[in-house]
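Labels below follow one simple rule: chain letters A, B, ... track the order of the sequence lines, proteins then strands, and each chain is numbered from 1. All values derive from a computational prediction rather than experimental measurement.
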Amino acid sequence: MKKNSERNHKYYVLGFYLLLLGSWQLFSSLNLIQDYLFPAPVDVARRLWQLGSEGFLWPSIEATLARMAVGFSISAGTGLIIGLLMGMSRLINGCLRSLFLGLQTLPTAGWVPISVLLFGLSDHGIYFVIIMSSVAAVAIATSDGILNISPIYLRAARTLGTPAYAMPSHIILPAALPGIITGIKLGWTLGWHGAVSAELIKSSVGLGYLLYMGRELNDVSQVIAIMLITILFGLLLDRFLFGLIERSVRIRWGLESNAA
Amino acid sequence: MKVAPNPEPLLTPPAMASAKLRIERVVKTFQNATQTVEALQPMSLDVQEGEYVVLFGPSGCGKSTLLNLVAGFEEPTDGTIFLDGKEVKGPGNDRLMMFQEHALFPWLNVIDNVMYGLKWERAYRFRFRARRKRAMELLEMVHLTEFARSSIHELSGGMKQRVALARALAPDPQVLLIDEPFPALDALVRAKLYAQLQDILVRTRKTILSVTHDPHEAACLADRVVVFTARPGRLKTQIQIDLPRPRDINDPQVADYARGIAAELEDTNEEEFGTKP
């Protein structure tokens with residue numbers, strides 16, 4: 001019964017997207033909206049195809065992903081260490097938590113001007129924006145994960161004779177893993193925002209750059225096409241890569257049943 | 001000048017000194033912002049080597065507190081706990097505790113959980129193979145060898161408790177502490193587990209201190225049942241259970257003992273209600 005209704009639910013969602021796409025196409029075909037202001041789905045698809053075949057699209061995706069790989073690795077590693085320190089020391093947690101929560105209220109694009117001033121138009125500035133956008137989220141989620149560890153694991157570890165020096169590596173980090181992965185997932189999304197924002201202003205290749213060029217050339221189809229690609233790749237990694245890891249960890253840790 | 005007679009002898013009698021676990025005039029009070037709660041009044045208890053002692057009493061009587069003190073998770077407000085004549089300080093795997101919830105580590109599979117405690121033992125420190133061998137022996141003892149590579153979340157409640165038992169026995173603790181061993185299991189699984197636990201006890205002759213509020217469990221497992229009064233916890237009475245092992249939880253003699261133990265608890269409750277009209 002339940003499975004059946006769930007499958008129906010999926011069809012409804014699929015139907016919703018088809019309807020959305022269909023009515024968008026219909027509005028354009030009936031000339032209800034001006035195509036230089038808002039292009040039809042087929043125009044967007046055609047532009048996307050052109051960008052792909054002219055060799056603009058793939059190198060841009062690659063460039064943005066490569067920047068994310070570098071920037072986010074640094075950010076996740078740093079955030080993890082800071083979060084670990086925050087989770088183990090009340091004092092450090094008290095000081096840094098308020099600072100990070102404050103920094104998090106700044107939109108990711110807000111880091112771009114200072115990065116231009118500090119790093120000029122080099123890629124280092126983009127790494128800087130990615131790191132500053134995401135490091136606080138990773139650190140806070142890691143420390144939350146540690147502070148929420150069920151005390152029973154710590155007690156079991158102590159009664160089993162775990163020496164104090166082995167606690168972080170053998171108990172604290174693995175026990176906090178569900179929280180850490182949630183933080184990495186959130187950090188990835190914020191870093192992705194930061195990367196594209198930074199590329200808008202200071203790069204000559206990348207998804208943000210293609211967005212910027214679309215605006216310069218008054219090419220709405222390109223802007224929308226790249227927006228869709230940015231959403232798609234953001235989702236792919238967030239939902240499918242980190243999402244699947246998160247789910248399997250949550251099931252294994254007994255926080256979620258695998259029936260649903 | 002007259003010296004007041006000392007109410008308690010300063011020297012421990014030699015017969016008592018041989019006790020495996022010795023709890024000597026231990027007091028525990030908890031302090032919160034508004035009041036001081038007396039959890040345990042001065043309590044002395046000896047547990048002999050190879051003895052299974054069950055602490056039994058109404059909830060909140062301090063029996064779990066005593067177990068935590070022996071495990072070293074908390075420090076007594078006054079008094080001392082000795083293991084083999086040495087004072088107990090902080091948690092350690094010579095007094096290994098099994099918890100109400102299984103407390104298995106979900107990031108490790110079954111065999112890695114059982115092997116975990118061995119990692120910190122000198123004899124096994126850098127000997128992965130020896131650890132594995134020992135863990136397999138223990139999994140055999142609880143009849144779970146075919147689940148060695150399973151994840152914890154794949155096991156049933158009873159299987160998890162058996163893995164927890166194997167993990168607790170692996171480092172060969174001097175005393176095994178069990179806090180309400182099998183609370184959330186159905187009757188059939190419990191009866192099976194009791195049989196298995198006794199079988200293991202007969203084989204390993206472990207010294208065990210355990211806590212329960214189920215009189216049947218106490219009667220089935222214990223050599224001696226220590227009955228507590230309601231808070232603040234005091235030693236009310238001790239009941240020796242002289243039945244051969246293995247005992248069946250449904251055996252009429254076990255049931256008789258269980259009734260006797262439960263009756264002690266009812267008295268305690270009456271006293272409790274008697275003071276409060």
Side-chain angles (χ1 to χ4, degrees), chain A residues 80 83-84 87-88 90 141-185 242-260, chain B residues 64 67-68 70-74 88-110 112-125 131 150-155 157 160 163-164 166-179:
Chain A
L80 209 63
L84 189 61
M88 306 216 301
R90 201 180 283 267
T142 303
S143 70
D144 281 345
I146 290 169
L147 295 172
N148 287 331
I149 292 175
S150 165
I152 192 93
Y153 293 139
L154 304 177
R155 283 160 56 112
R158 287 166 72 202
T159 199
L160 284 161
T162 314
Y165 70 84
M167 285 297 274
S169 58
H170 283 75
I171 303 294
I172 293 173
L173 277 182
L177 198 59
I180 291 171
I181 290 174
T182 306
I184 285 182
K185 193 162 162 263
F242 296 120
L244 289 179
I245 296 173
E246 185 184 33
R247 196 169 143 70
S248 77
V249 165
R250 287 185 67 81
I251 287 173
R252 186 158 184 176
W253 264 237
L255 300 168
E256 213 173 284
S257 76
N258 45 1
Chain B
S64 289
L67 210 62
N68 281 331
V70 175
F73 292 131
E74 279 160 33
V88 157
K89 278 207 174 88
N93 62 2
D94 49 352
R95 293 150 284 125
L96 221 154
M97 177 113 142
M98 249 184 94
F99 302 92
Q100 260 180 54
E101 308 105 287
H102 54 81
L104 296 170
F105 301 135
W107 54 92
L108 301 176
N109 64 18
V110 168
D112 287 340
N113 261 287
V114 179
M115 284 162 65
Y116 178 85
L118 296 171
K119 199 176 282 182
W120 319 113
E121 283 285 287
R122 183 172 294 187
Y124 291 95
R125 188 73 180 90
R131 292 208 290 269
S150 300
S151 297
I152 301 305
H153 76 272
E154 295 167 332
L155 306 181
K160 283 176 190 164
V163 177
R167 180 176 75 169
L169 289 171
D172 201 18
Q174 297 292 309
V175 179
L176 186 61
L177 308 169
I178 310 182
D179 188 4

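B:Asp94 pairs by the salt bridge (charged side-chain N to carboxylate O under 4.0 Å, His left out) definition with nothing, not counting sequence neighbours. Every residue two or more places apart in sequence or in another chain that forms a salt bridge (charged side-chain N to carboxylate O under 4.0 Å, His left out) with A:Lys185 is listed here: A:Glu246. Residues forming a side chain to side chain donor-acceptor pair (under 3.5 Å) with A:Asn148 (at least two apart in sequence, or on another chain): none.
Contact of B:Ile152 with chain A is not made at all, since no heavy-atom distance falls under 4.5 Å. With a 4.5 angstrom heavy-atom cutoff, A:Ile171 touches chain B via backbone and side-chain atoms both. With a 4.5 angstrom heavy-atom cutoff, B:Arg95 touches chain A only via backbone atoms. Both the backbone and the side chain of B:Asn109 have a heavy atom closer than 4.5 Å to some heavy atom of chain A. Heavy-atom distances place the backbone of B:Leu104, and not its side chain, under 4.5 Å from chain A. Heavy atoms closer than 4.5 Å to chain A are found in the backbone of B:Leu108, but not in its side chain.
For the atom pair CD1 (A:Ile152) and CE (B:Met97), the distance works out to 7.5 Å, reported to the nearest 0.5 Å.
Considering only heavy atoms from C-beta on, A:His170 stays 4.5 Å or farther from B:Phe105 through its side chain.
Of residues 155-163 of chain A, those residues with a non-hydrogen atom less than 4.5 Å from any non-hydrogen atom of chain B are, in numerical order, A:Arg155, A:Ala156, A:Ala157, A:Arg158, A:Thr159, A:Leu160, A:Gly161, A:Thr162, A:Pro163.
For the pair A:Tyr153 and B:Ala103, the tightest heavy-atom approach, listed with the atom from each and the gap, is CD2-O, 4.3 Å.
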